[in-house]
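Notes for the one structure printed next.
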Amino acid sequence: MDVSFLNPFLSSCQDAFSQMFNISPQHKDPYLLNPVGTHPWEISGIVAVSGDEVGIVAFRLHKLLATKMLDISGITTSSVEEKEAMEKDLVTEFTNVITGNAVSAITNKNINVSAPYVITGPNHVIPWPRNTPIIGVPFITRQGTFEVNLCFKGV
């Protein structure tokens with residue numbers, strides 16, 4: 001994957017965390033993700049990409065970090081069910097912000113994105129495109145860890 005395509009997603013993620021939650025994430029080295037391997041993430045916000053590039057962007061995190069993000073945002077809930085629904089909504093919107101800002105920064109390609117959706121649960125499965133490498137970029141914050149996964153195939 002071209003670094004000029006990867007960097008806008010990393011910058012967008014760092015900027016969104018900083019602006020929305022006053023959290024300063026630091027990314028670690030990218031790695032190749034095994035699409036059938038296990039993972040620790042409990043929530044994944046996913047966006048499908050089409051146009052000059054085809055693939056998937058996934059923002060993956062632990063439920064604990066989603067809860068902290070919700071708390072920092074000041075949103076209050078009256079039940080466990082409502083809190084879980086709001087955490088999913090927050091991850092959906094955050095995934096949309098990250099992807100939208102990154103795609104806006106990529107000016108040399110025609111890229112369209114789907115509406116984001118969220119998958120939850122231990123070791124949930126993402127429908128990655130076949131025969132296409134998946135780049136995982138881990139991030140650390142004082143509030144918890146998360147990861148951005150990018151899987152693109154030029155058309």
Side-chain angles (χ1 to χ4, degrees), residues 1-3 5-18 20-21 23-50 53-73 75 77 79-103 106 111 113-155:
M1 176 181 299
D2 183 357
V3 173
F5 196 71
L6 174 65
N7 285 338
F9 286 92
L10 303 183
S11 295
S12 177
C13 194
Q14 288 172 309
D15 292 346
F17 259 102
S18 178
M20 295 173 71
F21 305 106
I23 294 174
S24 299
Q26 299 298 315
H27 68 80
K28 294 186 164 199
D29 292 335
Y31 70 96
L32 282 176
L33 181 78
N34 179 354
V36 294
T38 61
H39 62 82
W41 312 112
E42 299 158 319
I43 302 174
S44 293
I46 301 167
V47 174
V49 176
S50 62
E53 297 283 343
V54 175
I56 293 177
V57 175
F59 168 63
R60 307 176 87 179
L61 64 159
H62 297 286
K63 186 177 182 335
L64 182 60
L65 181 56
T67 298
K68 288 179 182 179
M69 291 165 64
L70 187 64
D71 291 343
I72 291 169
S73 72
I75 297 171
T77 56
S79 69
V80 172
E81 294 80 16
E82 184 182 15
K83 186 172 190 170
E84 288 178 357
M86 289 302 297
E87 288 168 353
K88 283 179 163 178
D89 289 348
L90 180 70
V91 170
T92 301
E93 184 55 32
F94 195 72
T95 302
N96 193 42
V97 168
I98 292 169
T99 306
N101 289 342
V103 167
I106 301 169
I111 301 171
V113 296
S114 71
Y117 62 98
V118 172
I119 300 174
T120 61
N123 208 34
H124 55 269
V125 176
I126 293 177
W128 298 109
R130 294 182 185 186
N131 303 319
T132 305
I134 306 159
I135 305 298
V137 183
F139 284 81
I140 57 170
T141 74
R142 291 183 351 172
Q143 291 76 15
T145 59
F146 65 93
E147 189 168 282
V148 175
N149 299 151
L150 302 163
C151 179
F152 290 104
K153 164 169 72 172
V155 292

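To the nearest 0.5 Å, atom CD1 of residue Ile134 and atom CD1 of residue Ile126 are 8.0 Å apart. Taking OG1 of Thr77 as the reference point, atom CE of Met86 lies at 8.0 Å (rounded to 0.5 Å). Here CG of Leu10 is found 7.0 Å from CG of Leu150. Values are rounded to the nearest 0.5 Å. In this structure, Ile72 CD1 and Thr67 OG1 are separated by 11.0 Å, a value rounded to the nearest 0.5 Å. Ile56 CD1 to Thr99 OG1: the interatomic distance, rounded to the nearest 0.5 Å, is 11.5 Å. The line from CD1 of Ile106 to CG of Leu6 is 9.5 Å long, rounded to the nearest 0.5 Å.
Here Ser11 pairs with nothing under the side-chain contact (heavy atoms from CB on, under 4.5 Å) rule; sequence neighbours left out. Listed by chain and residue number, Ser78 satisfy the side-chain hydrogen bond (donor to acceptor under 3.5 Å, both in side chains) test with Glu82 (two or more places apart in sequence, or in another chain). For Asn123, the side-chain contact (heavy atoms from CB on, under 4.5 Å) criterion is met by Thr38, His39, not counting sequence neighbours. With sequence neighbours excluded, no residue satisfies side-chain contact (heavy atoms from CB on, under 4.5 Å) with Ser18.
Here the side chains of Asp15 and Asn101 are not in contact, with every heavy-atom distance at 4.5 Å or above. Side-chain contact between Leu32 and Ile135 is present, with at least one heavy-atom pair separated by less than 4.5 Å. Side-chain contact between Lys153 and Asn131 is absent, with no heavy atoms from C-beta onward closer than 4.5 Å. By the 4.5 Å heavy-atom criterion applied to side chains, Val57 and Phe152 are counted as neighbours.
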Determine all donor-acceptor pairs shorter than 3.5 Å in which one atom belongs to a side chain in residues 140-148; sequence neighbours excluded.
residue, atom, partner, partner atom, Å
Thr141, OG1, Gln143, N, 3.0
Thr141, OG1, Gly144, N, 2.9
Thr141, OG1, Gly144, O, 2.6
Glu147, OE1, Tyr31, OH, 2.8
Glu147, OE2, Tyr31, OH, 2.8
Glu147, OE2, Asn149, ND2, 2.8

Atom pairs and distances, side-chain donor-acceptor, residues 40-49, under 3.5 Å, sequence neighbours left out:
residue, atom, partner, partner atom, Å
Glu42, OE1, Lys63, N, 2.6
Ser44, OG, Arg60, NE, 3.0
Ser44, OG, His124, NE2, 2.5

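The local environment of CG in Asp29 is sparse, with at most 12 non-hydrogen atoms from other residues, nucleotides or ligands closer than 6.0 Å. By the 6.0 Å contact criterion, NZ on Lys68 is enclosed, its count of non-hydrogen atoms from other residues, nucleotides or ligands being greater than 12.
Residue Cys151 comes nearest to Pro129 through the heavy atom pair SG-CD, 3.5 Å, listed as atom of the first residue, atom of the second, then distance. The two residues Pro25 and Cys13 have their closest heavy-atom pair at CG-O, 4.5 Å. Among all heavy-atom pairs drawn from Ala102 and Phe9, the shortest one is CB-CD2, 3.5 Å. The minimum heavy-atom distance between Leu61 and Ala66, with the atom names listed, is CD1-N, 3.6 Å. Nearest heavy atom pair, residue Val118 against residue Val91, reads CG2-CG1, 4.1 Å. In terms of heavy-atom proximity, Phe21 sits nearest to Met69 at CE2-O, 3.3 Å.
A side-chain contact (heavy atoms from CB on, under 4.5 Å) with Ile98 is found for exactly one of Pro116, Ser12, Pro8, namely Ser12.
His27 and Phe139 have perpendicular rings, their planes meeting at more than 60° on a 0 to 90° scale where under 30° would count as parallel.
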